[in-house]
Structure formats: C-alpha cells, structure tokens
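Inspection log for the structure reproduced underneath, given as structure tokens.
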2 protein chains.
Amino acid sequence: MAGSDPPQVPESLQRLWGVSSVVARGARPALSVDRIVAAAIELADEHGLAAVSMGRVAEHLGVSTMALYRHVASKDELLTLMVDGAAGPPPELPLDAGWRTATDVWARALALRTRGWVVEVPISGPPLGPNSVAWMEAGLQALRDSGLGPLERVAVVTTLSGYVRQHTALLQDMHTRSGGRAQHEIEFEWRRTLANLVDPERFPEVSAVLAMADLAADPGTPADGADAADSPDPADDPDFDFGLACILEGVARLAERERDETVDPTHTRIADDR
Amino acid sequence: MAGSDPPQVPESLQRLWGVSSVVARGARPALSVDRIVAAAIELADEHGLAAVSMGRVAEHLGVSTMALYRHVASKDELLTLMVDGAAGPPPELPLDAGWRTATDVWARALALRTRGWVVEVPISGPPLGPNSVAWMEAGLQALRDSGLGPLERVAVVTTLSGYVRQHTALLQDMHTRSGGRAQHEIEFEWRRTLANLVDPERFPEVSAVLAMADLAADPGTPADGADAADSPDPADDPDFDFGLACILEGVARLAERERDETVDPTHTRIADDR
DNA sequence: TACGCACTGTGTATGCTATACACAAGCAAC
DNA sequence: GTTGCTTGTGTATAGCATACACAGTGCGTA
C-alpha cells in the first residue's frame with residue numbers, strides 16, 4: 001500500500017529526468033533518447049510532422065528502424081518526448097515587474113517557442129516532461145503575487161497554454177494551406193469563399209463580419225512586407241493580443257474580487273458594484 | 001478578376017451546403033456524404049477515432065472501401081466533415097438574459113456537444129461547415145450586446161471554442177488513460193507520480209501544488225458516485241467553471257473599457273485607476 | 001583468465017493503412 | 001438505340017508501426 005510501486009512512468013521519461021538507475025552491462029549504446037528526439041524534432045521542423053516516421057528518423061540517424069525501439073517504447077511516446085523537447089526551457093521572467101507583465105511575457109514566449117507541428121500531435125495528457133514542468137513552474141511563479149490560490153493559478157496556466165496552443169494551431173493551419181502566400185491573403189480568400197456559401201438571412205452576424213469593408217478590401221501588407229509567411233509568430237497577430245489581454249484581464253478581476261472577499265469580506269470597494 | 005472562380009471548396013462541402021448544381025446523369029447513388037459521415041461518427045463514438053478507417057466505415061455501410069472516395073476526396077476531408085457533423089446545430093440561447101448568460105450557456109452547450117474524439121482530429125482550419133458556421137453565428141449573437149466590435153466578438157468566440165476544445169482534450173485524455181477508473185483517481189495517481197520526479201528545490205511552486213494536502217488526500221467521489229467515467233462532462237469540472245468565468249470576466253472588462261473610451265473619451269471612471 | 005548474461009543494434013516478416021487505376025453496370029439526353 | 005457521364009467494385013501498391021528471432025559487445029563474476 002505504501003509508495004513502493006513506480007506507476008506507469010514510460011521509462012524513457014525516467015531517463016529524461018535523470019533517473020537512469022540501471023547499471024551499464026551490455027554493449028555501449030550508440031543511440032540515446034535525446035539523439036532520437038532531436039532528430040525527430042529536426043525532421044518535423046523541416047518537413048512537418050507528417051514526415052516523422054520511425055523509418056525516416058532512423059535513416060536520419062544512420063541506424064536501423066528497430067533500433068529506435070530500444071530507447072522509445074512507441075511512436076506515441078516519441079511524439080510526447082518531442083513535444084517536451086521542442087518546448088525547451090522557459091525564459092527568465094521579469095518577476096519584479098508585476099504578475100501581469102510576467103504572465104504576459106510568459107505567454108508570448110510560449111507562443112514563440114511553440115512550433116506549428118506541436119499542436120498537431122494529439123494531446124499528451126497532463127504534462128510529465130521536464131521542460132513542460134519547468135514551463136508550468138515558470139507560469140506559476142509569474143502568477144505568484146496575483147492573489148490567486150495555487151489551484152486557480154494552475155487553472156490559469158492551463159488555460160493560457162491552451163489558448164496559445166489553439167492560436168498556434170490556427171496560424172499553423174493557415175500557413176500550411178497557404179503554400180507560401182501571406183497570411184492575410186489566405187484569410188481574405190477564406191472570407192470570400194465563405195461569403196458565397198452562407199445565407200445572410202440565416203446567418204446575419206457571420207455575414208456582417210464577412211462583408212465588413214475594411215476586411216473585404218485587399219489586405220495591404222501591414223509592415224514592410226517582412227516574411228510573415230516564413231515564421232508565423234502568434235505574437236504578431238492582433239487577435240492574439242486581444243485574447244491574451246482578455247484572459248489576463250479576467251484573471252485580474254477574479255483575483256481582485258477574491259482578495260476582497262478573503263481579506264475583508266465586509267469592506268466593499270467603491271464603484272465596484274453591478 | 002471578378003468573382004467567377006469558385007476556389008478550392010472541397011466539393012463535398014458544397015453538397016453539405018446544398019449547392020449540388022450538377023444534374024443527375026449516371027446511376028442513382030446508393031451512398032451519400034451524410035450517410036458516410038454518420039457511419040463514421042457512429043464508429044468514432046463507439047470505438048474511438050482510431051477505429052475510423054476507410055475500410056471499417058465502408059464495411060459498416062455494406063459497401064466497398066473505394067466507394068467512399070466517390071463522395072469524399074480523402075480521409076482528411078471525411079474527418080473535417082465528421083467534426084462539423086458531430087457539432088450538430090447550436091441550441092436556442094437565452095438572448096434576452098444578457099450577453100454574459102447567453103455566452104456562458106453557449107460555451108457549456110458546446111462543451112457538452114464536443115465528443116472526446118473531436119479534439120483528436122487535427123485542426124481543420126477556419127470553420128467552413130454549416131454547423132460550425134451556425135455555432136459561430138450563435139456565439140456572435142450571444143455577444144451582440146456586449147459592446148465589443150464585430151472582430152473582437154469573433155476573437156472571443158474563437159478563444160472560447162479553443163478553451164472548450166482544450167478542456168475537452170484534457171478530460172478526454174484522462175478518460176482514455178483511465179481505463180474505467182474515476183477521473184479524480186487518475187489525477188491523484190498522476191500527481192503522485194510527478195511528485196516522485198520533481199525536485200522541490202528546482203520547482204518549488206509545482207511541488208507545493210503537488211503536495212497540497214486537500215489534493216493528496218484520497219479523493220472522495222463528489223456526487224452520488226454517478227458514472228462520471230462514462231460521460232466526461234466538462235461542465236461538471238470546477239476548473240472549467242473557473243477558466244470560463246475568467247475569460248468572460250475579461251471580456252466584460254475590456255468591453256466596458258472600450259465603451260468608455262468610445263462613447264466618452266474624456267470621462268474617466270471613478271476608482272478605475274491602477 | 002574465461003564464462004555468462006544483460007543489453008544493444010539488425011533483418012525479416014506481418015498486418016494494417018490510404019489511395020491510384022482500370023473496369024463494369026446504370027441511367028439521362030440525344 | 002446509342003453516347004457518355006456517373007456510380008460502385010476489385011485489384012494493386014506503397015508506406016506505416018511494430019513483433020520477433022538473431023548477432024555482437026562488454027561488464028560482473030567464477
């Protein structure tokens with residue numbers, strides 16, 4: 001009953017955390033989990049997640065396909081490890097600039113670090129890899145003086161990373177579909193296509209958005225025509241800003257309300273009614 | 001230059017929107033996109049998305065595998081159609097109860113309707129199916145009197161659906177991993193596993209959360225032991241409530257601020273500083 | 001020093017997958 | 001009736017993840 005059994009920790013994860021434990025007895029390994037993961041990530045970065053097959057990863061490493069299975073239990077496990085590896089370590093956060101700034105930086109850094117293919121791999125459950133945990137730690141630290149409880153901070157971090165994930169997914173999809181054209185161009189075309197399909201009577205709101213003049217107009221490239229098509233950076237997107245601000249604003253408001261209720265339940269803030 | 005060319009609308013989507021256009025010339029079809037999609041959805045509901053292969057769908061319909069390709073261009077397209085079909089039509093919203101209530105209802109309805117396997121299919125880009133558009137329309141209507149601009153409302157709807165998606169994914173994953181055990185039990189086990197791996201010195205915040213007494217304790221089933229394992233309903237999860245409230249609160253705040261700036265830029269609200 | 005044995009990488013084989021291609025049958029328009 | 005498009009079918013192919021038996025390698029022990 002006591003904590004003696006190590007549950008289904010995938011073994012390769014143990015190696016990632018430095019819990020090797022076993023003594024080296026046989027032939028010295030020419031391969032390692034890290035090398036495999038690195039090769040797979042490189043492949044995904046260059047040719048997309050679809051190009052990551054066990055055979056190709058092995059070929060890229062100059063070993064046979066089955067050699068990989070000595071270090072990784074399955075392709076699914078490899079994908080999970082890839083996601084963790086691609087996340088990398090979190091950046092230093094400006095913790096003394098206030099929780100809001102720190103969290104904002106955190107989210108933008110995460111968005112920047114999240115490669116497009118990461119969102120294509122099916123959800124890998126609760127984070128278990130070292131980097132994932134490190135990001136979680138950083139997020140929790142950013143929110144330390146927000147006034148929220150620990151569990152709520154976890155919820156916020158989860159929500160934010162989900163938001164980043166979602167946004168990256170959309171950008172990635174558009175980028176994939178684009179075939180080199182600019183993002184705005186794709187969105188423009190999508191809008192035109194959809195406008196031909198929807199019935200303005202059944203879908204007035206959608207139609208209104210689709211028909212908006214400042215959108216239907218040809219999208220002039222905003223900046224100096226930089227290669228936004230090459231590196232889709234969510235932080236560039238004004239929609240990203242809005243959604244992020246939205247979430248952070250909500251966090252602030254909830255934290256504030258909670259603080260009031262906790263510290264001084266009788267005291268009501270001025271003009272905080274409604 | 002004029003709008004004469006129908007862009008790459010996948011044809012089967014056209015059929016979904018009722019734009020059949022072509023006259024029936026050859027043999028009368030015994031199959032239809034809807035029947036295929038329905039069969040695929042049924043299969044996914046029963047045995048998971050992994051069980052959905054072209055062969056099995058065809059077998060389930062009593063036709064040959066290749067017959068499907070007369071109505072669906074590829075498996076990817078079928079998946080997209082499945083997602084739209086599984087969404088179904090949006091519910092009636094209490095629009096006169098205020099945007100916040102309406103949006104809350106909208107999000108919970110979406111969470112309820114989102115089957116677990118839906119989040120497993122890779123992002124299908126901007127919504128194009130009739131049901132997806134209908135949900136978008138409903139969301140925009142819910143937010144009509146929020147005071148936000150049309151584009152911001154789109155951003156909010158996108159963010160919310162992403163949030164629902166994210167949450168469903170996590171629940172789904174736990175549910176898959178569980179193998180029948182209750183959700184709390186899984187979370188408990190995950191916590192214990194992770195607690196053995198993380199170094200409290202490097203990850204103080206995470207460790208603190210993992211060590212929290214009220215969580216490490218055995219999780220008593222909250223309700224009357226209902227079959228929460230069978231139907232993972234995100235709306236049951238308090239975490240879901242918190243995140244949703246967070247986003248909606250942020251929306252309210254931003255809308256409020258925007259209204260102030262737009263209507264009367266010179267007027268500063270009392271006690272709205274910081 | 002020699003043996004055993006755990007461990008590493010390899011080659012082959014299997015079953016499943018999506019999908020291209022050529023064909024046969026049905027039915028409207030001419 | 002003939003033509004030609006459309007629909008369903010059978011066969012074939014290439015790619016995939018992965019099981020299994022085998023061969024080399026080097027540490028711990030006799």
Side-chain angles (χ1 to χ4, degrees), chain A residues 10-12 14-15 19-40 43-44 47-82 117 120-122 124, chain B residues 10-12 14-15 19-40 43-44 47-82 117 120-122 124:
Chain A
E11 169 116 29
S12 63
Q14 290 188 13
R15 261 176 280 203
V19 192
S20 62
S21 71
V22 213
V23 283
R25 259 260 255 177
R28 212 160 307 124
L31 223 47
S32 71
V33 179
D34 302 80
R35 289 223 309 140
I36 294 177
V37 172
L43 224 55
H47 305 102
L49 191 65
V52 177
S53 73
M54 298 302 267
R56 262 192 286 262
V57 172
E59 188 187 28
H60 198 260
L61 283 167
V63 297
S64 103
T65 303
M66 294 312 292
L68 305 184
Y69 286 92
R70 292 286 176 203
H71 304 261
V72 166
S74 67
K75 186 183 179 181
D76 277 336
E77 197 181 289
L78 174 58
L79 288 178
T80 302
L81 296 176
M82 283 173 66
W117 53 264
E120 288 182 57
V121 20
S124 38
Chain B
E11 170 117 27
S12 62
Q14 290 189 14
R15 261 177 279 203
V19 192
S20 61
S21 71
V22 214
V23 283
R25 256 260 256 176
R28 211 161 307 125
L31 220 50
S32 72
V33 180
D34 303 79
R35 290 223 309 142
I36 295 176
V37 172
L43 224 55
H47 306 102
L49 192 64
V52 177
S53 75
M54 298 303 266
R56 262 191 287 262
V57 172
E59 187 188 27
H60 199 262
L61 284 166
V63 296
S64 104
T65 304
M66 293 312 291
L68 306 184
Y69 286 93
R70 292 286 176 201
H71 303 261
V72 167
S74 68
K75 187 183 179 181
D76 277 336
E77 197 181 289
L78 174 59
L79 288 178
T80 302
L81 296 175
M82 284 172 66
W117 54 264
E120 287 181 59
V121 17
S124 41

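Just so we're on the same page: letters track the sequence lines, and every chain starts at 1.
Atom CZ of A:R70 is separated from atom C1' of D:dG24 by 12 Å (rounded to the nearest Å). In this structure, the CG atom of B:D76 is 16 Å from the P atom of C:dT17, given to the nearest Å. A straight line from CG of A:L79 to P of D:dA17 spans 9 Å, rounded to a whole angstrom. Rounded to an integer number of Å, the gap from CD of A:E77 to C1' of D:dA17 is 14 Å. Taking atom OH of B:Y69 as the reference point, atom C1' of D:dG10 lies 15 Å away to the nearest angstrom. Counting to the nearest Å, the P atom of C:dT8 and the CG atom of A:L68 are 13 Å from each other. Between the NZ atom of A:K75 and the C1' atom of C:dC16 there is a distance of 14 Å, given to the nearest Å.
Residues from residues 54-61 of chain A that place a heavy atom under 4.0 Å from any atom of DNA chain C: there are none.
Rounded to the nearest 0.5 angstrom, B:M54 CE and B:L78 CG are separated by 5.5 Å.
The shortest distance between side-chain heavy atoms of A:V52 and A:H47 does not fall below 4.5 Å. Contact annotation: the side chain of B:L61 approaches that of B:L68 to within less than 4.5 Å [non-hydrogen atoms, C-beta and beyond]. For the pair A:H71 and A:P29, the minimum side-chain heavy-atom distance is below 4.5 Å. The closest side-chain heavy-atom distance from B:L49 to B:L79 is below 4.5 Å. B:L43 is listed as a side-chain neighbour of B:H60, based on a closest heavy-atom distance under 4.5 Å.
Residue A:R28 places no side-chain atom within donor-acceptor reach of the base of D:dG26, judged by atom type and a 3.5 Å distance cut-off alone.
Taking the nucleotide of DNA chain D with the nearest heavy atom to each of B:M66 and B:P29, the more 5' of the two is matched to B:P29.
In this structure, of C:dT17, C:dT19, D:dT25, it is D:dT25 that holds the atom nearest to the side chain of A:A27.
Nucleic acid contact for A:S74: sugar-phosphate only, since backbone atoms but no base atoms lie under 4.0 Å from a heavy atom of the residue.
The phosphate of C:dG11 has neither OP1 nor OP2 within less than 4.0 Å of any side-chain N or O from A:S64. OP1 and OP2 of D:dT6 both lie 4.0 Å or more from every side-chain N or O belonging to B:H71.
Taking every heavy atom of both residues into account, B:M82 and B:V37 meet most closely at CA-CG1, 4.0 Å.
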